[in-house]
Amino acid sequence: MSLPSSVDVAIIGAGAAGLGAAHALRGSGLSVIVLEARDRIGGRAWTVQASPDVTFDVGCGWLHSADKNSFVPIAQRLKFELNTDLPPWGDRAFGDVFPEHEREAFVLAIDEFYERLWDAAANGEDRAADCYLEPGNRWNPMIDAVSTYVNGCELDQVSILDMEAYEDTYFNWRVRAGYGALVAAYGAAAPVVLNCNVALIDHSDPRIRLETSLGTLAAGKVIITVPTNLLADEAIRFLPPLPAKVDAARGLPLGVDDKVTLALADAEAFPQEGNLRGATMRTAMGTYHIRPFGQPCIEGFFGGRFARELEDGGDGAFAAQSIDEIVDYLGNDIRRKLKPLAESRWAKDPFARGSYSHALPGHSGARAVLAAPVDERLFFAGEATSPNFFSTAHGARDSGERAAGEVLVALRKP
């Protein structure tokens with residue numbers, strides 16, 4: 001659709017948060033528009049058909065805390081098939097590269113680390129999580145590697161109070177057709193203008209003026225749902241400036257988690273939903289999911305500084321690293337069975353600049369600061385504003401619904 005000249009509510013960003021806000025405002029009688037810089041909706045939720053046989057979630061892929069995840073009833077309503085099997089990062093290790101006795105030792109070490117961390121958080125300390133690693137423990141590099149998958153960064157960059165605030169019910173489900181496909185279907189009816197990049201939000205007058213790549217728009221209320229790195233880099237400027245928002249965003253940077261999918265020939269010789277990782281004793285490592293949904297592929301996951309380095313290596317770097325690691329684990333015969341299909345590079349994505357947020361040590365309160373409305377005219381949503389489900393698509397969607405509710409409350413006031 002085309003850009004209108006004036007609306008009651010403008011929503012910036014057509015990711016899960018923006019779409020959640022648009023859904024919540026349906027039937028309100030307000031004129032609403034969603035402005036999206038990309039040529040598609042969904043944001044960091046994006047499903048592609050990597051090959052005729054392989055569906056790949058380039059972004060989020062797991063319905064975390066599924067028993068409390070608002071996308072679960074949405075998926076059921078939209079007739080999306082859900083998979084409730086246990087995730088592959090448990091005990092379904094493939095091969096002998098991570099023997100059971102070693103896995104047990106690692107699980108014990110990481111459990112003891114989390115116990116120390118939770119005890120410290122209960123006392124109100126807000127320090128970097130790496131402070132609670134046991135000095136000299138041989139498993140510390142791999143515990144740090146787990147943080148790169150969970151937080152998108154190493155433990156020295158994570159606030160323990162923020163980690164403690166995250167609500168994990170340990171139910172992790174999947175969408176057979178792709179989480180990104182579900183988010184896109186959820187937002188299909190939203191009034192979205194694509195390829196519309198917002199550069200300036202001028203809230204100096206009673207009507208807010210938005211300068212975009214497609215022209216100027218006036219709005220009574222604006223909901224901002226863009227990733228924190230864009231706010232921190234001032235890719236969108238505010239007039240008058242909002243230094244508290246920029247500072248809060250800088251305390252909630254997006255970490256990096258990237259994924260790759262490799263076609264797997266002779267796939268029937270490999271287990272479905274298998275897990276492959278080695279006792280490598282290093283943080284710079286990938287972890288691998290063999291034949292997700294029985295598909296003829298292997299998915300690889302990389303996080304933190306290692307993922308950034310691989311992004312800097314250019315297209316194909318994740319696939320090359322994955323193939324080398326898998327060959328190192330399983331032998332050179334598998335090399336000819338693997339072929340690159342697709343990979344993400346979220347830190348290089350100009351409209352994301354990362355994967356999902358974590359709070360830096362000492363900045364656990366920044367989520368509430370970022371979420372707070374300004375003058376009952378500017379409202380903020382996105383996964384980084386979620387108090388307990390940050391870093392998730394459903395946390396983003398719920399925050400959009402919350403911001404829409406704040407708009408409606410503000411409009412009812414005299």
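Side chains are part of it too, since the values below use all heavy atoms of this structure and drop only hydrogens, waters and symmetry mates.
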Would you say that [X] contacts [Y] through its side chain, given a criterion of any heavy-atom pair below 4.5 Å between the two side chains?
{"X": "D398", "Y": "S386", "answer": "no"}
{"X": "T216", "Y": "L210", "answer": "no"}
{"X": "F106", "Y": "V146", "answer": "yes"}
{"X": "W139", "Y": "M281", "answer": "yes"}
{"X": "N275", "Y": "I290", "answer": "no"}
{"X": "T392", "Y": "E383", "answer": "no"}
{"X": "D156", "Y": "D144", "answer": "no"}
{"X": "H358", "Y": "L252", "answer": "no"}

Once you round to the nearest 0.5 Å, how far does [atom1] of [X] lie from [atom2] of [Y]?
{"X": "I201", "Y": "T212", "atom1": "CD1", "atom2": "OG1", "value": "11.5 Å"}
{"X": "N69", "Y": "T169", "atom1": "CG", "atom2": "OG1", "value": "9.0 Å"}
{"X": "F302", "Y": "S344", "atom1": "CZ", "atom2": "OG", "value": "10.0 Å"}
{"X": "L35", "Y": "L214", "atom1": "CG", "atom2": "CG", "value": "8.5 Å"}
{"X": "R308", "Y": "R345", "atom1": "CZ", "atom2": "CZ", "value": "13.0 Å"}
{"X": "L217", "Y": "I208", "atom1": "CG", "atom2": "CD1", "value": "10.0 Å"}

Is [X] reaching over with its side chain to a backbone N or O of [Y], donor-acceptor style, under 3.5 angstrom?
{"X": "E36", "Y": "V192", "result": "no"}
{"X": "R291", "Y": "A267", "result": "yes"}
{"X": "T261", "Y": "A342", "result": "no"}
{"X": "T148", "Y": "G304", "result": "no"}
{"X": "K339", "Y": "A265", "result": "no"}
{"X": "N388", "Y": "A165", "result": "yes"}
{"X": "R40", "Y": "G43", "result": "yes"}
{"X": "D57", "Y": "G59", "result": "no"}
{"X": "S159", "Y": "H363", "result": "no"}
{"X": "R176", "Y": "E81", "result": "no"}

Is the ring pair [X]/[Y] parallel, tilted or perpendicular, if the boundaries are 30 and 60 degrees?
{"X": "Y179", "Y": "F71", "result": "perpendicular"}
{"X": "W62", "Y": "H289", "result": "parallel"}
{"X": "W173", "Y": "F171", "result": "perpendicular"}

Show your working on side-chain contact (heavy atoms from CB on, under 4.5 Å) between L242 and L378 and close with a plain yes or no. CA-CA 11 Å; L242 296 177; L378 300 180; 3.9 Å; yes
Between [Y] and [X], does any NZ, NE, NH1 or NH2 come within less than 4.0 Å of an OD or OE carboxylate oxygen?
{"X": "D312", "Y": "K348", "answer": "yes"}
{"X": "R209", "Y": "E211", "answer": "yes"}
{"X": "E167", "Y": "K68", "answer": "yes"}
{"X": "E102", "Y": "R138", "answer": "yes"}
{"X": "E406", "Y": "K221", "answer": "no"}
{"X": "R305", "Y": "E154", "answer": "yes"}
{"X": "R174", "Y": "E273", "answer": "yes"}

If I compare all heavy atoms of [X] with all of [Y], which pair ends up nearest, and what's the gap?
{"X": "T385", "Y": "A371", "result": "CB-CB, 3.7 Å"}
{"X": "A22", "Y": "V34", "result": "CB-CG2, 3.9 Å"}
{"X": "A120", "Y": "I160", "result": "CB-CD1, 3.8 Å"}
{"X": "I11", "Y": "A21", "result": "CD1-CB, 3.8 Å"}
{"X": "S322", "Y": "L262", "result": "CB-CD1, 3.9 Å"}
{"X": "L360", "Y": "P253", "result": "CG-CD, 3.8 Å"}

Show the numbers, then the answer: is there a side-chain contact (heavy atoms from CB on, under 4.5 Å) between F306 and Q321? CA-CA 11 Å; F306 190 38; Q321 176 66 31; 3.7 Å; yes
Set out, in order, the CA-CA distance, both residues' side-chain angles and the distance that settles side-chain contact (heavy atoms from CB on, under 4.5 Å) for V260 and E299, then state yes or no. CA-CA 6 Å; V260 63; E299 287 186 1; over 6 Å; no
Scan side-chain atoms only and decide if [X] and [Y] contain a donor-acceptor pair under the 3.5 Å cut-off.
{"X": "Q49", "Y": "T55", "answer": "yes"}
{"X": "S147", "Y": "N151", "answer": "yes"}
{"X": "R353", "Y": "N229", "answer": "no"}
{"X": "S51", "Y": "D53", "answer": "no"}
{"X": "Y186", "Y": "R397", "answer": "yes"}
{"X": "Y149", "Y": "D257", "answer": "no"}
{"X": "S357", "Y": "R367", "answer": "yes"}

Please tell me whether F390 and Y166 form a close aromatic pair, meaning their ring centres lie under 6.0 Å apart.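 So the answer is yes for these two rings.
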Residue from L330, I326, D324 passing side-chain contact (heavy atoms from CB on, under 4.5 Å) with R335: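 The side-chain contact (heavy atoms from CB on, under 4.5 Å) with R335 is passed solely by D324 among L330, I326, D324.
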Any chance you could lay out the side-chain contact (heavy atoms from CB on, under 4.5 Å) test for L341 and F56, step after step, and finish with the verdict? CA-CA 9 Å; L341 291 177; F56 178 50; over 6 Å; no
Assess whether salt bridge (charged side-chain N to carboxylate O under 4.0 Å, His left out) is satisfied between D349 and R38, documenting all intermediate values. CA-CA 10 Å; D349 184 306; R38 302 179 190 275; 2.8 Å; yes
Using side-chain hydrogen bond (donor to acceptor under 3.5 Å, both in side chains) as the criterion, point out the one residue from E112, E115, E125, R116 that pairs with Y132.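 For Y132, the side-chain hydrogen bond (donor to acceptor under 3.5 Å, both in side chains) test succeeds with only one of E112, E115, E125, R116, which is E125.
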May I ask you to check whether over 12 heavy atoms, not counting those of R237, lie within 6.0 Å of atom CZ?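 Result for CZ/R237: open.
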Might you confirm whether atom CZ of R207 has over 12 heavy atoms from other residues, nucleotides or ligands at distances under 6.0 Å?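 Yes, because the 6.0 Å sphere around CZ of R207 holds more than 12 heavy atoms from other groups.
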A cation-pi test, strictly: NZ or CZ of K245 under 6.0 Å from the centre of the six-membered ring of F238 and no more than 45 degrees from its axis. Yes or no?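 No, K245 does not lie over the aromatic ring of F238.
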